[in-house]
Structure formats: C-alpha cells, structure tokens
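The structure presented is a predicted model; accordingly, all values stated were derived computationally and were not measured. Chain identifiers are assigned alphabetically (A, B, ...) following the order of the sequence lines, protein sequences preceding nucleic acid strands; residue numbering begins at 1 within each chain.
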Amino acid sequence: MWKKLTVDMNNLSVKKEDVEEEYRDLGGRGLIAQYMINNVDPKCDPLGKENQLLICNTIFAGTNLTTAHRISVGGKSPLTGGIKESNSGGYLGYQLAGHGIKMIAVKDIPQKEGLWLLHIDSKGEIKLKDASDYKGLNNYEFVEKIFEKYGQDAATMSIGVGGERNYKSASIQLSEYKGGHPSRAAARGGLGSLMGSKGLKGIIIEKAENRFKPDYADEEKFKELSIKFNKMVASGAKNHPFHNIGTLSTIESTGENGILPVENFSGKLSKDYKKVGAKQFMENLASRGGSNKIACQPGCVVQCSNCYNDKDNNYLTSGFEYETIALFGPNCKIYDLDVIAQMDRICDDIGVDTIDIANGIAVSMDAGKIEWGDSEAALGLMKEMKDGTDFGKILGNGCEAVGKHLGAKRIPVVKHQALAAYDPRNTKGTGITYSTSPMGADHTAGLTMGRAFDDRGRAAQAYVSNKLQVAIAFYDSMMCLFTFSHAANNLPLLGELWAALYGGSSDFSRVAQLGVKTILTERAFNKGAGMTLDDDKLPEFFCTEKSAATGSKFDIDDYELEVIFDF
Amino acid sequence: MIKINEISIKFKEGMTILDAIIEGKKSINQNTIIMVNNSIVEKDVLDKLQIDDNSEIKILRITDGG
Ligand code: SF4
C-alpha cells in the first residue's frame with residue numbers, strides 16, 4: 001500500500017500512513033489539484049502556516065514505465081498567488097517510490113527560526129534533522145556535503161539562498177540520476193520560497209534496501225503494456241531532436257519562424273541566434289567533452305539531458321535547456337553559449353527559475369538599467385541576487401518585480417509569472433495557453449507550436465490550446481511530458497496501463513476526465529484565491545505591438561479566452 | 001549504402017546530401033534538423049556537400065518545445 005508522509009514543521013514531527021482512498025490511484029498534478037482543493041484555503045498566505053508544500057510521485061511511480069518517476073511539487077504559489085504544480089526530473093522520484101511513498105505533505109511553519117532536513121535512510125527510517133550547518137549554502141555545495149555524508153546514491157531535493165530568502169522566483173533543485181548535480185528544477189512559481197518558509201532546506205532519500213513494489217491489479221498485463229509503451233517511445237525518440245541533440249534543438253525552429261523571443265519579445269530576429277544554436281552546442285560538446293543523450297532519471301528512453309563543459313573541459317552545467325538558452329541568449333542579445341551556461345549554473349546554484357530571472361534581465365536591458373547584450377553587467381546583476389543586495393532581492397522576485405521597480409512598460413508576465421521562450425504573437429495557441437493556464441504563463445501547460453494549421457493565424461488556436469491543456473494535465477500526472485509526442489498516436493494505452501495497475505475502467509475517457517477535472521479543480525482554487533477572467537490575459541503590448549519578425553499581433557478575442565474551459 | 005532514419009538507399013558517386021534525402025523520399029522544412037554522421041548540417045548547404053558511402057543521415061522533426 002502506498003504511503004503518505006505528513007511533515008508538521010510546527011512540532012517537527014513526521015507521520016507515515018496509508019494514502020487516503022481518494023488519492024490512491026492519482027499522482028502528480030492531478031493529485032496536487034485534488035489535495036489542495038480539499039486541504040488548503042485558497043485565500044491563505046502562500047508563506048504562512050496554512051499553505052502546504054506537496055511532493056508527489058506520478059500515477060505510474062514504482063513501475064518500469066519510462067519516465068514514470070517524474071516528481072511533482074505543489075502548493076499555493078508565492079509568485080502567482082494561485083495553485084502551482086511544477087514538475088521535475090532527477091533521481092528523487094525513483095528513490096521516494098522505492099520506499100513506497102506516494103506523497104509528502106509539509107504543513108505549518110516552525111515555531112522558531114531554523115532549518116531542517118528530511119532524511120529517509122536505506123531502511124526506511126524517517127527523521128527530521130537539524131540543518132543549521134547548511135544555512136546559506138547554495139545547491140552545489142549543499143549536495144557535495146550531502147554526498148560526503150550519505151553517499152553518492154542518495155537523491156536530494158534542496159533550496160539555495162533563493163529559497164531561504166523567500167525570493168518569489170525561488171526554485172527547488174533536484175539531483176540528477178548518476179551525475180548527482182542539482183541541475184533539475186521544480187523551477188516555476190516560487191515553490192523554493194514556499195519550501196524556505198517551512199524551514200525545510202532539503203530532502204535526502206537513500207536507496208531502499210528492499211524496494212517497494214506496487215500492488216498491481218494485473219501485473220502481467222501491465223508488464224506487457226509497459227513494454228509496448230516503452231518500445232513506442234524509444235522508437236520515436238531515436239529520430240527525435242531531443243534525444244539526438246537536446247531541448248536546445250527547438251531554437252532551430254523558433255529562430256526560423258519568429259517564435260524565438262528576441263530583445264524582450266520585440267521580435268527583432270537576426271541570424272545571430274545560430275551562435276547559440278544546436279550546431280554550436282554539438283560542436284562544443286565534440287571539441288571539449290561533455291555529453292548529451294543523458295537520462296535524468298532511471299529508465300528514461302528519451303534521454304534529452306546533457307552535461308556542458310567550459311573551454312577547459314571542466315564541468316559547467318547540466319540540464320542546459322532551450323528556455324534558458326533562448327531567454328538569456330537572443331532575448332537579452334547575448335550570443336555566447338559559455339556565458340549562458342554560467343548563468344544557468346548560477347540560477348541552479350542559488351535556486352531560482354531561469355525563465356523568470358532571464359526575463360528580468362531582459363526587462364532591465366529594455367528599461368535601460370544595463371545595455372543590451374552586456375553579459376558582464378547581466379552577470380553583475382545575478383551576483384547581486386546571490387549576495388542579496390536591494391536590487392538583487394528584486395531580481396530574485398522575478399521579472400514582474402524588476403519591471404515594476406524600473407517603471408518598465410513591457411513586462412512579459414501572466415499571473416505575475418514570466419513567459420517562456422515562445423513569442424505568443426507567432427504561436428497564438430501558446431499565447432492562449434499562457435493566458436488561460438491556471439499555472440500562469442507556462443509553455444509546458446500546452447505548447448501549440450507546430451500543431452495548429454498556421455502558428456500565426458487565428459484559426460483553431462483556442463481549440464488546439466484547449467485539447468493540449470487537457471492532455472498535458474493528465475500527462476503531468478503520469479510521466480515526463482517529453483514522451484508525449486511519441487505516445488500521442490496511442491494515448492488509449494494510458495487508460496489500459498492505469499487499469500492494469502490500479503484496477504477500474506481501462507477506457508480512455510477515464511484518462512481524459514482526469515485532465516478535465518484537474519484543470520477545473522485548479523481553476524476553482526484560483527477563483528477562490530481571488531483570480532478573475534482579467535487574470536487570463538496577456539500583457540497589452542502583445543496585442544498592440546507587431547512582432548518585428550512577422551508583423552503579427554496577438555489578436556485572439558477575449559471571448560475565446562473566456563470560454564476556453566466551458567466543457 | 002546510406003542510412004536515412006530507418007531506411008537504406010543505394011550510394012551513388014557524387015551524390016549530395018540533398019540528393020540522398022530526395023532519393024530516400026524524405027521531406028524537410030523549417031521544423032527539421034539534418035544530422036550527418038552525428039553532426040548538424042545547415043539546410044542551405046545540403047545541395048553543395050557530397051556525402052560519403054556508409055554515411056548515416058538523420059532527419060529530426062521538432063515537435064516539442066524544451
Ligand atoms: S525526457 Fe529528459 S527530462 Fe524527461 S525524464 Fe528523460 S531525460 Fe529527464
């Protein structure tokens with residue numbers, strides 16, 4: 001039977017019990033939505049005692065289904081003020097499932113200032129330990145010390161000074177499988193700040209001596225179906241750019257069609273993006289060392305991750321992704337992969353979201369605080385964030401805080417969260433997703449690029465965004481999104497897998513209902529938190545300014561946004 | 001022989017990468033990346049670069065964002 005851990009930070013206790021029936025066959029984003037609406041007052045202070053930090057395994061955790069050990073982190077977001085689910089790769093989901101734990105709910109806040117570690121040892125003994133020695137450590141140093149003490153096979157999840165200082169863009173960093181670097185992130189929505197408010201510096205999970213096995217409804221059937229599913233994903237991944245290059249490959253498409261953000265979403269596209277493109281990345285790997293085709297969690301057949309080294313072939317960063325490269329790169333007019341890799345490393349180390357911080361830097365450039373393309377000045381601002389200067393704290397609070405502080409007119413946020421690296425005028429369905437997703441401007445909630453008839457046209461954009469948002473809502477409950485395009489032609493298989501694991505109907509409608517229910521539940525939470533239809537809008541400048549690359553504006557009627565979830 | 005994704009085509013002396021792609025009945029557009037023997041080749045030189053026998057061409061279609 002799957003277990004739930006309840007960690008009470010007020011009396012520093014940990015309780016382990018069976019997962020309630022209602023949550024038994026849920027996982028990931030769907031579980032977070034249901035638990036939050038049942039247990040957390042939407043009006044609560046995100047950093048106060050009533051909010052909870054949730055760490056959830058997926059529906060398929062504990063099985064050999066590829067990427068089933070994605071971990072979802074949730075709570076009321078300190079950044080958006082609404083519900084947040086931010087999921088991450090890394091080793092922790094696999095280790096947590098090994099101990100038979102489906103979810104951890106961290107409640108309340110400590111009575112006195114302090115920091116603690118949640119430690120699960122190889123025998124399954126769980127302790128909340130004093131972590132004052134780790135105060136002020138950033139993630140790389142923290143992980144190094146943890147590995148010295150608990151061994152390289154421990155999985156970690158931690159906050160750096162970003163979370164300790166309650167920066168609104170603070171991330172939670174997870175150690176990757178094998179490499180151990182804390183470069184995987186539950187980055188969006190400031191959940192690191194929520195973890196910091198609980199006084200929780202990290203979670204350490206040692207490999208279980210006796211690995212937990214789920215109670216399959218039909219184990220043989222599940223085995224047969226999962227082999228089929230894994231083969232299907234592996235076969236699709238073989239000729240997919242994420243496996244052969246990495247997510248950075250996306251820049252080769254967005255750079256061609258004007259979707260790539262340039263100079264704070266002005267659309268002033270130039271071929272310079274090639275300097276930070278896939279070819280340059282692969283050439284650097286070939287000439288220096290470093291590698292791609294890395295699995296961030298055991299059993300991943302897509303293997304989109306990487307390890308990027310500096311000119312002297314020393315490790316610089318890993319999990320070096322498209323969003324980070326596009327937003328610190330062309331969107332800040334910085335065309336040097338090594339500099340961007342340093343920025344990625346700094347963000348992972350402090351524990352802040354690269355998307356919100358890179359947008360904050362671009363807004364600083366647009367507002368004239370520093371020059372376009374001045375990477376030294378940009379690194380200087382990031383150092384301020386690390387040191388905690390007045391402006392550094394503002395930057396740590398994300399793009400909107402920077403824009404407001406500087407009196408900027410063009411602040412690319414929805415629900416206070418910065419846009420990912422897709423210009424919504426040139427992929428309008430993605431603009432609809434940014435506007436209407438309960439998560440705020442989040443590309444992973446339903447990126448329509450390449451899926452609508454014409455990315456810049458208006459036809460069917462709301463339809464595609466709606467379908468994808470529903471699909472992603474159930475997918476985020478099940479596994480890593482990067483298997484989606486390989487599984488998309490056989491989604492009914494998910495219903496069969498779900499039934500073989502937990503019993504119940506194998507009909508795909510059960511899966512689709514999970515997606516619909518999750519989104520409606522999240523929207524109900526946000527409504528309770530005070531959000532209205534006015535929060536489902538892109539910043540005005542996307543509707544009034546033409547993209548310099550294409551001449552397109554975001555011209556989707558408000559009405560289409562308002563009815564998108566009228567199922 | 002030249003391998004293009006899952007299929008093999010016969011190598012012809014002097015053939016360019018583009019010739020091989022056409023021979024393999026594969027299409028390319030702005031959402032594709034072409035790799036030859038694990039190196040990315042820009043689309044504007046596909047018709048200028050000759051390909052060696054026993055090469056492997058991968059035509060990768062971008063379907064997701066990162
Ligand atoms: S596809 Fe990439 S992000 Fe997803 S589990 Fe595999 S390596 Fe991690």
Side-chain angles (χ1 to χ4, degrees), chain A residues 235-260 271 274 277-283 285-286 292-293 302 304 319-326 420-422 427 430 443-444 446-451 455 481-486 488, chain B:
Chain A
S235 144
K238 203 158 66 178
N239 292 318
H240 194 275
F242 281 14
H243 172 69
N244 288 281
I245 300 165
T247 63
L248 165 63
S249 55
T250 306
I251 204 168
E252 300 301 316
S253 168
T254 59
E256 289 275 318
N257 55 27
I259 292 174
L260 179 69
K271 285 285 173 200
K274 293 273 179 192
K279 191 167 164 39
Q280 186 64 53
F281 173 77
M282 292 298 281
E283 283 172 5
L285 291 194
N292 63 345
K293 298 186 182 176
V302 177
C304 78
F320 192 27
E321 312 290 353
Y322 165 72
E323 304 299 330
T324 305
I325 294 165
Y422 308 87
T427 165
T430 306
H443 65 295
T444 67
L447 179 72
T448 67
M449 184 182 79
R451 289 190 165 94
D455 284 321
L481 179 59
F482 294 159
T483 62
F484 181 75
S485 58
H486 313 306
Chain B
M1 294 300 254
I2 293 173
K3 219 173 145 201
I4 308 182
N5 290 6
E6 300 315 308
I7 64 155
S8 295
I9 60 159
K10 213 168 150 206
F11 171 73
K12 289 181 199 145
E13 204 58 55
M15 82 192 307
T16 65
I17 300 170
L18 187 63
D19 293 335
I21 292 170
I22 293 168
E23 183 83 21
K25 297 188 174 54
K26 298 283 180 191
S27 62
I28 54 172
N29 60 27
Q30 60 180 12
N31 293 324
T32 44
I33 297 175
I34 292 100
M35 291 184 96
V36 178
N37 300 329
N38 215 30
S39 294
I40 295 173
V41 180
E42 296 290 358
K43 290 186 200 94
D44 54 4
V45 295
L46 293 176
D47 61 345
K48 298 179 185 74
L49 294 180
Q50 290 191 1
I51 191 158
D52 297 329
D53 197 4
N54 299 316
S55 292
E56 183 178 10
I57 301 175
K58 283 204 171 197
I59 299 176
L60 312 172
R61 296 195 191 284
I62 299 165
T63 55
D64 301 285

- Looking at residues at least two apart in the chain, or sitting in another chain, which of them share a salt bridge (Lys or Arg N to Asp or Glu O under 4.0 Å) with Lys238(A)? Glu6(B)

- Query: Looking only at heavy atoms, which of residues 37-61 of chain B get nearer than 4.5 Å to chain A?
  - Reply: Asn38(B), Ile40(B), Glu42(B), Lys58(B), Ile59(B), Leu60(B), Arg61(B)

- Query: Side chains of Asn31(B) and Asn257(A): closer than 4.5 Å at any heavy-atom pair?
  - Reply: yes

- Query: Going by the salt bridge (Lys or Arg N to Asp or Glu O under 4.0 Å) test, which pairs reach into residues 239-259 of chain A, not counting sequence neighbours?
  - Reply: Glu252(A)-Lys274(A), Glu256(A)-Lys271(A)

- Note on the structure: In short, Ser249(A) meets Ile62(B) closest at the heavy-atom pair O-CD1, 3.4 Å

- Item | Ile259(A) portion near chain B, given a 4.5 angstrom heavy-atom threshold | neither

- Message: Is Ile33(B) close to chain A through its backbone or its side chain, or both, or neither, when contacts mean heavy atoms under 4.5 Å?
- Response: side chain

- Whatever's closer than 4.5 Å to a heavy atom in chain B on Phe242(A) counts as side chain

- Atom group of His443(A) that falls short of 4.5 Å from chain B, counting heavy atoms: side chain

- Choice from His243(A), Glu323(A), Glu321(A) maximising heavy atom contacts with chain B below 4.5 Å: Glu323(A)

- Task: With a 4.5 Å cut-off on heavy-atom pairs, point out which of Ile251(A), Thr324(A), Asn244(A) contacts chain B the most.
- Result: Asn244(A)

- Query: By number, which residues in residues 11-25 of chain B have some heavy atom less than 4.5 Å away from chain A?
  - Reply: none

